[in-house]
Amino acid sequence: MDIKEIKSVIEGLLYVAGDAVSLKELSHVLAIDESTVKKIINQMMDTYNEDKRGIQIIEVNSSYQYCTRPEHYEYIERLVKPQTRQGLSQAALETLSIVAYKQPITKAQIDYIRGVKSESSISRLQDKELIFEAGRLDSPGRPMIYCTTDNFLKLFGLKNLQELPPLQETSAEEA
Amino acid sequence: MDIKEIKSVIEGLLYVAGDAVSLKELSHVLAIDESTVKKIINQMMDTYNEDKRGIQIIEVNSSYQYCTRPEHYEYIERLVKPQTRQGLSQAALETLSIVAYKQPITKAQIDYIRGVKSESSISRLQDKELIFEAGRLDSPGRPMIYCTTDNFLKLFGLKNLQELPPLQETSAEEA
Amino acid sequence: MSIKFKLENFEGPLDLLLHLIEKAEVDIYDIPISEIAQQYLEYLEFMQKMDLEVASEFLVMAATLVEIKSKMLLPKPKKEDNPTQEIDPREELVQKLIEYKKYKEFTLLLKDKFEIYEKVFYKSPEPIEDYLSDFTSITGVSADLLAKTLNSIIQKNSTSSKRKVREIHREVFTVDDKIKEISRLLVGKSVFYFEELFDKNADKYEVIVTFLAILELVKRKLITVQQYMSFDRILVKRKKSNS
C-alpha cells in the first residue's frame, strides 16, 4: 500500500469506528508499525485543517477520532438536535482544574485548595463523565480518589495530561 | 458561505448523521435551494472518487450518505471484528431458526411463518454458509427449498439435527 | 477606608480575598493584613445586609484574618529549621492564596477550550454486524436461542392470526405495531421527521396512533423529539446508546 491508500483506509476506519481508535489498533489493522501510522495521521490532521475539511481528526491519549468543526456547530445542531449542553459552573471548572493537575486527589484535598466544599461540583463532574472515582486511598477513612477521564481530554481539546499548560508560579503583579 | 465552506459543512453533516440525509433536509439546514445543494454534492462525490478518499458519498432516493469503500473491506472488518458480540441480526436468527426446525422449507413458507419477507436474510444466511439450496419442490412454481448446512451444526455445537432442543409443546402443534 | 462592592458571586473566601488583594493592588507576598481584613469584614457585613446567606467558610476565614492580624502585633516566633528567620503569620494563608490563584487562572483557560470543544459533534459507531463476513466468531448464540426464537415467532403469529379473525377493518393500527415499526426504522435511521412515519393519505386515526407511539418511545427514552416552533415539523431522533 502506498501512503495515499493507507490514508484512505484510515479514513474509512475512523469513519466506521465513530469512537476513538487507538494507535495500537490502527497499527494492528493496517499491519504497519505505530510510529509510521502516527506520522501519517499527523499529516492527515494537517491536511484536514489546511483544507478546512468538515471533519477533523482529534487525538486523545494516543487514540484518534473524527469530529466536526466547532464553527459548523449551528448547522449541525439544526440537523441533529440541540445537544444537552449546560455549560460548567465556575465552581465545577475550578474543581475540574484542580483534579486535572493534582490527580489522583481526594475530596478533602480539593476542598482545602478551593477553601469551600466541592461535593456538588464533584458529583456534577462525575455525571458529565469528566472525572471518575479511581479507587480509595489507603489512609484513615479510605477516602475516594478522583481522576479525569478521556472524555475530559476530548472536551477540552487536550491530547493527554502532559499537554496541560504548566501552572505559573504567580506573583501579585500579574493579577 | 462560499462553495468550499458549504462542502465543508456538508461533510460535517453527513458525518454526524451516519445515516442517509435527504436532499430536502440538507437544503433546509444549509438554507440553500435543493438544486444547488445537489450540484455541490455531485461535485463532492466526484472529488471523493478522484482522490480515492476512504469515505465515499452514495445517493439513495435523493438522500445522501457516507460509506466506506468496498476495497477497504478487509481492514474495516479487522477493526470491527474483535468487538463482535453476536453477529446475527434478529431477522437472520429468526429465519435460521425456522429453517433449522422446519427443513426442508421454501421461502414462501418462511415468509408465512415470520409474517415478513425473508429474502435478504436467506441470502445472507446462504452467504455465511449456514443454509443452502437443497433443490426444488415438485409443486407449482417449483420453489427452491432450503436446509441447514454442516457449518450450521458446527457453529451451534450440534452433532446433528436431532440434537436441536425441543420446541414448546403448545406452539409446536400449532405450527 | 470603605470600598463599595458590587455584588459579585465569589466562589469562596479565597476567591473573595484574591479579589480584594487585586483590587487594592498590593503584593500577595506582603498583604497589608489589617486593611484587607477590614475590607473582608465589610464585605461580609454587606452580604448580611443584603440578606445573602454567608456560608460558614467565609466566617471561618474572617476569624483566621482577625487571628493573623493580632499575631502580626506580637513578637514573631522563629522558624524551627532556621532560627534566624521569623515565622510570618501570613505565610500559610499566602501559600493557600497562591495555590488557589493558579487554578483559578487555569480555570479561565479551560473555560475557553470548553467553549470551543463543546461545539463539536461525534458520530456514533456504525452497526457492526453489517460488516461481518463470517460467523466463525459467533459467541453467545446457542441452539437454545434458535428454539426460543422460533417459539416466539409462532406465538406472535398465533395471536395475530386470532386478531385477524375478529377484526373487519383492514387499516387498523395499534400503538404497539407502530412502536415496532418505528423501532425497526430506528435501526437503520437515526433521524427522521414525524410525517415520514405514515402515508400522505393516512387517516386521522393512524396519525394519532403514530403520535401515541412516539410519546411512548420518548417515555422509554429511546428517542427524543423536537420541534422548533408550533406547527413546525417534528423531528424524531434516536437516542445514542451508551454501549
Side-chain angles (χ1 to χ4, degrees), chain A residues 1-32 37 40-41 43-44 47-58 63-83, chain B residues 1-32 37 40-41 44 47-58 63-84:
Chain A
M1 276 199 297
D2 60 12
I3 286 216
K4 199 173 167 179
E5 200 176 341
I6 297 172
K7 285 183 182 173
S8 181
V9 173
I10 293 175
E11 281 195 338
L13 293 172
L14 291 184
Y15 174 74
V16 167
D19 281 331
V21 185
S22 70
L23 183 58
K24 208 169 149 185
E25 273 176 291
L26 286 173
S27 154
H28 171 74
V29 165
L30 292 160
I32 298 171
V37 175
I40 292 174
I41 292 194
Q43 279 177 24
M44 290 171 72
T47 316
Y48 278 47
N49 286 332
E50 280 157 26
D51 295 358
K52 283 258 162 92
R53 294 263 283 273
I55 312 173
Q56 56 177 334
I57 303 175
I58 52 164
S63 290
Y64 298 90
Q65 177 163 20
Y66 271 147
C67 67
T68 61
R69 286 195 180 276
E71 54 267 42
H72 297 155
Y73 165 70
E74 88 180 274
Y75 298 102
I76 291 163
E77 203 187 41
R78 237 180 270 169
L79 180 75
V80 282
K81 58 150 188 195
Q83 277 184 343
Chain B
M1 278 198 295
D2 60 13
I3 285 216
K4 199 174 167 180
E5 201 177 340
I6 296 171
K7 285 182 180 172
S8 181
V9 173
I10 293 174
E11 279 195 338
L13 292 171
L14 290 182
Y15 168 71
V16 165
D19 288 323
V21 185
S22 68
L23 183 58
K24 208 167 148 185
E25 275 176 290
L26 287 173
S27 153
H28 172 75
V29 165
L30 291 161
I32 297 172
V37 175
I40 293 173
I41 293 193
M44 289 172 73
T47 316
Y48 278 46
N49 287 331
E50 280 158 26
D51 295 356
K52 283 257 161 90
R53 294 262 283 273
I55 312 174
Q56 55 178 333
I57 303 176
I58 50 166
S63 287
Y64 298 91
Q65 177 162 15
Y66 268 146
C67 67
T68 58
R69 286 195 179 275
E71 56 266 41
H72 296 156
Y73 178 73
E74 84 178 276
Y75 298 103
I76 289 163
E77 192 189 42
R78 230 181 278 166
L79 176 74
V80 145
K81 218 185 215 161
Q83 303 160 21
T84 307

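Numbers restart at 1 for each chain; the letters A, B, ... are given by sequence-line order, proteins then strands.
Between chain B and the residues A/Thr68, A/Ile55, A/Val29, A/Leu14, the most heavy-atom pairs under 4.5 angstrom are made by A/Val29.
Of the inter-residue distances, the one linking A/Lys4 atom NZ with B/Asp51 atom CG reads 6.0 Å to the nearest 0.5 angstrom. Within the model, atoms CD1 of B/Ile10 and CG of A/Leu79 stand 11.5 Å from one another, a figure rounded to the nearest 0.5 Å. Atoms NE2 and CD, from B/His72 and A/Glu11 in turn, are 9.0 Å apart once rounded to the nearest 0.5 Å.
There is no contact between A/Met44 and chain B, counting heavy-atom distances below 4.5 Å.
Without hydrogens or angle criteria, B/Tyr66 side chain to A/Tyr15 main chain gives no donor-acceptor distance under 3.5 Å. A/Ser8 contributes a side-chain N or O that, together with a main-chain N or O of B/Lys52, makes up a donor-acceptor pair within less than 3.5 Å.
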